[in-house]
Structures are given as structure tokens and as C-alpha cells.
Amino acid sequence: MSTQLSGASARPAAPARPGRSSTTAGTAALFRFALRRDRLRLPVWVAAGTAMVALQSVSSQSFYDTPGALAAYRASVGSNAATIALAGPPVGLDTVAGAVAFEISATVMLIAALMAMFTVTRHTRADEEAGRTELVRSARIGRHAPLLAAVLLSALACAALAVAVGSAATATGLPAAGSFVLGASFGACGLVFTGITAVAVQVTGHTRSVYGLVGGAFAVFFVLRAIGDIEGNWLVWTSPIGWAQATHPYSRDELLPLLLCLVAAVALTVAGFALLDRRDLGAGLTQPRPGRPAATRSLRSPLGLAVRLQRGAFLAWALGLALLGVVYGALADSVETLIAGNEQALAMFGDPDVGELVDAYLSTTFSITALLAAAYAVSAVLRARSEEGEQRAEPVLATATSRSAWLGSHVAVALAGSALAMAASGVTTGVVRVLQTGEAAALGRMVGAAVAYVPAVWVVAGLAVALFGLLPRLATALAWAAVGLFLVITMFAGSFDWPGWVSDLSPVSWVPLMPLEPWTAGPVLALTGIAVALLATGFAGFRRRDLATG
Amino acid sequence: MTAISVSGLVKTFGTTRALDGLDLDVATGEVHGFLGPNGSGKSTTIRVLLGLLRPDSGSVRLLDGDPWRDAVALHRRLAYVPGDVTLWPNISGGESIDLLGRLRGGLDPRRRAELLDRFDLDPRKKARTYSKGNRQKVALVAALASDAELLVLDEPTSGLDPLMEAVFQECIREARTEGRTVLLSSHILAEAEALCDRVSIIRHGATVQSGSLDELRHLTRTAITVETARPATGLDALAGVHDLRQENGRLRFDVDTDALDGALRHLTGFGVVGLTSTPPTLEELFLRHYGDELAEDGASAREPVRS
């Protein structure tokens with residue numbers, strides 16, 4: 001740090017120049033420094049996105065190696081609302097390249113958005129919250145320089161992702177023009193979320209809330225385009241993810257929608273700078289309100305503290321999953337419409353029972369909800385890790401609070417919270433189904449189907465606890481890597497030509513596909529047993545190890 | 001009666017040997033200064049005493065218990081102020097004080113109110129908006145408002161202004177009057193000198209000296225400035241006289257405490273007109289132990305003095 005910054009300040013002091021240039025002074029030095037700090041992170045993000053595309057390309061080319069296989073795929077996808085909701089518009093599926101773009105684009109859009117969110121936040125709000133920006137800004141660094149450097153770094157990463165994806169797709173045998181359109185669509189999506197994050201880091205004073213705002217924005221835009229894609233209507237155009245996918249790589253190769261992304265990214269970034277000028281260093285847009293002079297009765301135990309610390313995140317996730325349940329339930333009607341209008345699909349499924357197809361759709365949606373609930377559970381468990389690493393566990397463990405009680409309180413929030421969130425999504429889907437079909441029994445079936453995933457969700461939570469107990473410094477990275485792996489397995493095990501044991505790696509695939517399949521006790525007992533063993537390992541490990549700060 | 005008894009404590013982190021055979025004895029009811037430069041192992045020792053870190057070897061007893069095994073039971077009887085106080089950003093100072101107090105087993109509301117007043121702390125503010133000194137005050141109020149018999153304070157006054165430093169010293173004296181034991185880690189020597197009955201000085205994870213301040217002073221030198229009627233000669237030949245120099249017609253020198261008597265007897269032979277003697281400060285003790293240019297003195301000074 002010192003070398004880069006002193007490089008800037010060692011130059012003879014420029015005469016005080018009023019006007020525009022001074023607010024961005026030092027951007028180049030900060031940019032180089034940020035590039036150095038992220039010299040490993042950004043290549044990992046870019047490589048992850050690129051590898052997904054390359055893997056999908058190779059796998060799809062071997063999987064759909066005959067025109068017949070491709071036609072069957074087209075027929076099944078064209079009628080599956082769940083797939084369309086998760087992937088995007090079913091366009092260009094008459095070529096393998098088009099199928100690759102369809103299958104992988106939503107996932108890489110998410111990767112691009114997360115990359116942008118973490119990159120911009122890390123170099124702006126996170127530094128500011130930790131007090132580092134104050135130090136940096138005391139040097140000859142303009143007011144706008146840290147944000148500008150972060151936005152430029154994120155833009156560079158998005159460009160790198162675009163080029164890498166284009167090159168990798170071309171190298172694996174897909175048409176070059178479409179490949180670079182595909183890459184550009186990911187880069188453009190990343191740019192929009194760079195802008196969204198540039199605004200979010202001004203609005204709130206906390207890194208955690210920034211992630212909540214940007215993650216929420218992604219969820220809203222994703223749902224808008226999902227509804228738009230299934231209904232085939234204008235809602236697609238309310239979402240930057242919809243714009244990026246409107247490029248239709250390999251079939252139409254439209255570049256114009258990317259202009260929308262670019263305009264939005266620039267407009268949002270400009271708005272970010274405008275908001276930056278209206279707030280104080282270290283603060284968000286609103287002044288913090290004073291708190292209570294004394295603690296209420298609820299704040300008297302480790303559990304009371306864990307609930308207090310985690311209630312905001314829990315409410316946000318539970319609300320999100322409940323809303324997702326509404327959307328999934330509402331779309332069940334469209335499944336019937338889609339099937340009725342797709343003669344090819346009807347022929348392929350051999351005049352299927354439409355109700356069964358709806359159940360198949362609903363069971364797929366609950367497995368996705370389960371993965372999201374698992375992601376929440378992991379984040380709730382890892383709160384214990386951030387409390388420990390940021391030295392807030394130390395004063396609590398120096399009181400008459402045992403290590404098991406302290407860890408147990410965070411784990412209890414994770415287990416109960418994820419189960420409640422799962423149940424909430426079952427209830428909302430069920431209520432919507434009851435309204436659609438008039439059958440009161442639908443509510444119980446949907447809640448049952450959702451709650452059946454709870455043991456699988458707890459296995460993922462247990463894995464995070466075990467990692468926390470045994471490998472505290474690696475726990476965060478490894479636990480999220482596991483969530484990512486399970487997500488990839490659930491989303492792609494069907495389309496990749498993978499052996500069965502790969503899909504068995506994910507606890508979510510152990511659960512019977514309710515309501516399509518009947519409930520069975522075997523997997524539930526096995527998953528519960530594994531969850532208990534993982535939890536016990538984690539608690540035992542934590543009781544034996546040193547507190548790991550920093 | 002000993003509140004804390006540590007001997008031969010070793011703690012390594014990877015290849016770093018943070019504690020290298022550290023010894024520490026704190027008697028019940030005393031205020032014990034735990035002194036050492038940054039990175040010498042003070043906080044690591046305290047974390048071992050709190051059962052947050054597990055020792056590699058050596059014996060550690062705290063309030064007649066094993067700090068690792070009996071952590072929860074022992075923590076009911078002690079209160080801790082970390083060196084770097086980090087609080088929950090969204091929780092107010094008053095709430096943090098109550099929470100930490102309740103988790104320890106309760107605090108005295110009257111005392112809490114009195115301490116908030118004395119430390120001039122607004123309990124309504126969210127921790128995020130507190131300065132470093134105010135975060136320190138939150139931890140101090142939470143610890144001092146408890147009825148803990150042992151206070152473990154890790155550089156508790158870093159960040160406090162001089163006014164608050166005075167309040168802190170008052171509070172520690174009161175704690176001693178109440179019969180509490182205090183382990184006070186510090187590198188502020190004036191503070192240790194003002195408060196501590198005994199001190200232990202550590203360096204590189206090992207104790208280099210411990211004892212009462214008087215005992216430690218015996219190990220070092222008194223600075224003498226003297227004006228004599230006739231030019232004094234022959235001082236440099238005396239054992240224990242160091243750094244002799246002539247300034248404005250006066251003689252200045254440092255003398256080992258056990259050679260003080262001989263030096264003064266020698267001087268009276270030249271007709272002493274004026275004399276000032278400055279007792280060694282803890283600062284000088286400290287510098288003597290840590291100043292690398294004085295390393296040649298180390299061998300003799302390393303003998304620990306025990307009371």
C-alpha cells in the first residue's frame with residue numbers, strides 16, 4: 001500500500017487546482033493498488049465464469065450429438081416453465097450453441113453480478129467501514145477517486161470475463177461471433193451491477209446491507225425476467241438480466257440491448273457519484289438513530305444476542321423465499337398453458353397427465369428454494385466466524401458463556417431460520433395453489449414438499465459448522481464453495497452427462513421430489529444423521545481449538 | 001494467596017514462538033502491572049488466562065482453576081477489558097454494557113449509572129458512532145460495574161483522554177480498596193507506577209523481571225547531580241559509577257543503588273555545596289531492559305526478584 005500511494009504523493013505538490021480534476025486525483029494510484037489487492041480474486045471470478053461456459057459447451061456437444069437428441073431437448077425445455085424461469089428465453093434451441101447459451105447464461109450472469117458487487121464494495125464501503133478510506137483520503141486523493149477506481153476495476157473485470165468467455169466458447173468449437181456476443185452479455189450484466197453497487201454503497205453505511213440491497217436487486221430483476229420469459233411479455237424489458245439475454249447469442253446476435261446495459265451502468269455510476277457528494281465519509285444517506293440506553297430483557301443470553309444480530313438477515317431471506325414461493329406458485333398455471341400449446345412436448349411425453357407435469361415443475365422449484373435456504377443457513381452459521389474473526393466473540397467468551405452455548409446460539413438461528421424460511425415458501429406456494437385450484441389440500445402438500453428439504457438444508461448448515469470447528473480460517477471459502485457445488489449439481493446434473501454419484505454429492509438430490517414422488521423416511525433419517533454428525537464434529541472441534549481472530 | 005500463577009508458559013503460532021517460558025505471579029488483592037513493548041506477548045498471555053487460547057506447555061492457574069477446562073466457572077469471577085475493543089455496530093453502548101454484564105452473571109445498576117456518569121459516556125449511541133476511547137469506556141464500565149473479584153485489563157487506557165485516565169486510576173484504587181485483584185497490562189509506565197503494587201516486565205514472550213517497584217529500583221541506578229567546593233576527583237575509579245560528566249561546573253553521574261553509599265562518602269570529602277538525586281523511573285527500567293544498546297547490562301539484570 002505505502003509504495004503505491006507514496007508514489008502518488010511523492011510527486012511535487014500540484015498547485016491547488018479548483019474544479020473537476022481534483023476530486024479524482026489519485027485514481028490511477030488507487031486503481032493500481034486495487035488491482036494488486038485483487039490479483040488473485042478477480043482471475044478466480046473470471047475463471048469460474050469461463051469454466052462454467054466451457055464445461056457446458058463440451059458437455060452439451062457430446063450430450064446433444066444427434067439432431068434427434070437436440071429436438072427432444074428443445075421439446076422438453078420449451079414446455080418446462082421451471083427451466084425457463086431459471087434459465088431464460090427458450091430461443092435459438094435449434095443449435096447446440098444456442099442450447100449452451102440457454103443453459104449457462106443465467107448462472108454466469110449471477111457470477112458476473114456477484115463479482116461486480118464484491119469488487120466494488122470491497123474497495124469502497126468495506127474500506128470505509130474499516131476506517132481505511134479515511135487514511136487513504138488524507139493523502140492527496142480526491143473525493144471521487146476511491147469509487148472511480150473501484151468502478152474501473154470492476155469494469156475491467158467485466159471486460160476480462162467477456163473476452164475470456166468468448167475465447168473459451170470459440171475454442172471449444174462454438175461459432176466465434178455468437179461466443180463473443182455471449183461473453184459481452186455477461187460483461188454487460190456485470191457492468192449494470194457495478195453501477196447498482198456504486199449506488200448501494202452510498203445508500204447504506206454497512207457492507208452487509210450493501211450485499212442485501214444488491215442481492216435483492218438481482219433477485220427482483222431475475223424474477224421480473226423469469227415472469228416475462230414464461231409469459232413471453234414486456235416484463236423482460238424491465239430487467240437488465242432480460243436485456244443481456246435479449247442478445248440471443250448464436251441465433252440473432254443482437255447487440256443493441258447491450259447499449260441499454262451500458263447506458264444504465266453509466267447512469268447508475270453517475271448517480272453513485274452524486275450521492276457520494278451528499279453524504280459524510282463513513283456514513284450512509286441517513287444519520288444513525290440513537291439506540292436504547294439499556295438492554296431489553298431479550299438481550300440477556302448468547303441466544304438473545306445471536307437473534308438480535310441475525311434477525312434482519314433472517315427476515316430478509318424468509319421474505320425473499322416466501323415471495324419466491326408466490327412467484328413459483330403463480331407460474332404453475334403457465335406450466336399447463338405451455339404444455340397445452342406445445343404439441344411436440346405432448347407427443348414426447350405421450351399424452352401426459354398435466355397435473356403430474358405441474359407437480360414435476362413444483363418439485364424442481366422447491367429444490368432450488370432448498371438451495372437458497374441452504375445458502376441462508378451457511379451465511380447464518382458463518383456469522384459466528386465473522387464474530388470470531390472481528391474479535392467480537394472474545395469479550396463474550398470471556399464471560400460465563402461456554403463455547404458450545406455461544407456457537408450453539410448462532411447454529412440455532414441458522415437451523416430454525418432455514419426451516420422457517422423453507423416452510424414460508426411452502427405456505428405461500430400452497431396458498432397460491434389453493435387459490436388457483438380451489439383444493440384446500442394443496443396447502444398441506446406444498447408445505448410438506450418444502451419442509452421435506454429441511455434435513456438436506458441442515459446437512460449443508462452442518463457442513464459449515466464442521467468447517468468452522470475444524471478449519472476456521474478456511475471455513476468461509478470452503479462452505480461457500482460447497483454451496484456453489486451443490487447449486488451446480490442441482491441445476492445441471494440432468495443436462496451434463498454425469499454419473500449418478502456426482503448428483504448424490506449434493507444432499508438436496510437425496511430428497512424425494514415431492515409432490516411428484518411420495519415421501520420416504522430413508523433419506524430423511526440418513527440426512528438427519530449426517531447433519532447431527534457434522535454438527536457434533538463442529539462443536540467438538542471448536543471446543544478444542546484456539547480462538548482464531550483476524 | 002495467589003490469584004494468577006503461570007510458570008514456563010509456551011505458546012506458538014506456526015513458527016512464531018509468541019510465549020517462550022513466561023512466568024507470572026499475581027497475589028490476591030494486589031494491582032499487578034504487566035509490562036512489555038508491543039508484540040512482547042501480553043495479549044497472548046491474557047488470552048491464555050481467559051481460556052481463549054490453549055497453552056502448548058507450562059502450568060497456568062487462575063483463581064485456583066484451570067483457565068482452559070474451567071473457563072465458564074472462572075469467568076463468573078472475573079471481568080475482562082480487551083486491548084482493542086470491538087463492539088456490535090448496531091447495538092448501543094448501554095445495551096452492550098448490560099449484555100456483557102448479564103452474560104457474566106449480573107451487574108449492579110447503581111454502580112453502572114455512577115460509572116456512566118464518571119466516565120461521561122452516552123449509553124444511547126450505537127457502537128459504530130463511538131470513538132476508540134468511548135468504545136474503551138463501554139468495556140471499562142461493563143467490567144467495573146460487575147462484582148468480579150479479578151479484573152483483567154489489557155491496555156485499558158489506550159484512547160482515553162487524561163481526564164478519563166484520572167477517573168480510571170481512581171476506579172482501580174477503589175477496586176483495590178474493595179479487595180479485588182487487578183492484572184493491568186500496559187506500556188504506559190506512569191500509569192503502572194501510579195497504580196501497581198508489583199510489576200512483571202516481559203520481553204519476547206518471557207519474563208525478564210518481576211517484583212515491587214522498590215525492588216526493581218534497587219536493580220537500577222540513581223542519577224546524581226552534585227556541586228562541590230573543591231573539584232571532585234577519583235569518582236571514576238569507584239565501582240558502580242557510570243556515565244560521569246562535567247556540566248556547568250557540576251558533576252553528573254549515574255550510580256548503582258548498592259554503590260550509592262560509597263559514592264556519597266567519597267563526595268563529602270570535597271565539600272558538597274549542592275546535590276540532587278533523581279530516583280530511577282520505571283521508564284528508565286524499561287529502557288534499560290529494552291534498549292538494545294544496553295544489552296551488555298542484561299546478564300546481571302535478568303535475575304528475577306521475587307517478593
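In the text below, chain A, chain B and the rest are named by the order of the sequence lines, each starting its count at 1. Predicted, not measured: the structure shown is a model, and the values here were computed from it.
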Practice problem: Classify the ring geometry between Tyr211(A) and Phe118(A) as parallel (under 30°), tilted (30 to 60°) or perpendicular (over 60°). | Solution: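 Ring orientation of Tyr211(A) relative to Phe118(A): perpendicular.
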Side chain, backbone, both or neither: which part of [X] has an atom under 4.5 Å from a heavy atom of chain A?
X         : result
Pro109(B) : neither
Leu87(B)  : backbone
Thr86(B)  : both

Just checking [X]: does its [atom1] atom have more than 12 heavy atoms from other residues, nucleotides or ligands closer to it than 6.0 angstrom?
X         : atom1 : value
Asp70(B)  : CG    : yes
Arg41(A)  : CZ    : no
Glu114(B) : CD    : yes

Heavy-atom cut-off 4.5 Å, strictly under: side chain, backbone, both or neither for [X] against chain B?
X         : result
Arg289(A) : backbone
Arg208(A) : neither
Ser301(A) : backbone
Arg544(A) : both

Quiz item: At their closest point, which heavy atom of Pro156(B) faces which heavy atom of Leu184(B), and how far apart are they?
Solution: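 Distance-wise, the nearest heavy atoms are CG-CD1, 3.4 Å.
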If the contact rule is any heavy atom under 4.5 Å from chain A, which residues of [range] qualify, in numerical order?
range                       : value
residues 76-84 of chain B   : Arg76(B), Leu78(B), Tyr80(B), Pro82(B), Asp84(B)
residues 131-142 of chain B : none
residues 5-21 of chain B    : Lys11(B), Phe13(B)

Practice problem: May I ask you to name which of Pro290(A), Ala393(A), Gly304(A), Ala405(A) has the most heavy-atom pairs under 4.5 Å with chain B? | Solution: Pro290(A)
Exercise. May I ask you to name which of Arg300(A), Glu129(A), Arg543(A) has the most heavy-atom pairs under 4.5 Å with chain B?
Key: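 Of Arg300(A), Glu129(A), Arg543(A), Arg300(A) has the most heavy-atom pairs under 4.5 Å with chain B.
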Are a donor atom and an acceptor atom from the side chains of [X] and [Y] found within less than 3.5 Å of each other?
X         : Y         : value
His206(A) : Asn90(B)  : no
Ser40(B)  : His204(B) : no
Glu387(A) : Trp88(B)  : yes
Thr401(A) : Thr399(A) : yes
Asp154(B) : Ser43(B)  : yes

Quiz item: Are Arg545(A) and Phe468(A) in a cation-pi setup, meaning NZ or CZ lies under 6.0 angstrom from the ring centre and within 45 degrees of the ring axis?
Solution: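 That pair qualifies as a cation-pi contact.
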Practice problem: Output all residues satisfying side-chain hydrogen bond (donor to acceptor under 3.5 Å, both in side chains) with Arg47(B), sequence neighbours left out; order by chain, then residue number. | Solution: Glu394(A)
Self-check item: Check against salt bridge (Lys or Arg N to Asp or Glu O under 4.0 Å), Arg122(A) and Asp127(A)
Solution: CA-CA 6 Å; Arg122(A) 182 169 144 81; Asp127(A) 275 352; over 6 Å; no
Self-check item: Stepwise side chain to side chain donor-acceptor pair (under 3.5 Å) test for Ser92(B) and Glu95(B)
Solution: CA-CA 5 Å; Ser92(B) 74; Glu95(B) 287 178 297; 3.2 Å; yes
Practice problem: May I have the step-by-step check of salt bridge (Lys or Arg N to Asp or Glu O under 4.0 Å) for Asp122(B) and Arg124(B), ending in yes or no? | Solution: CA-CA 6 Å; Asp122(B) 178 359; Arg124(B) 299 182 63 91; 5.4 Å; no
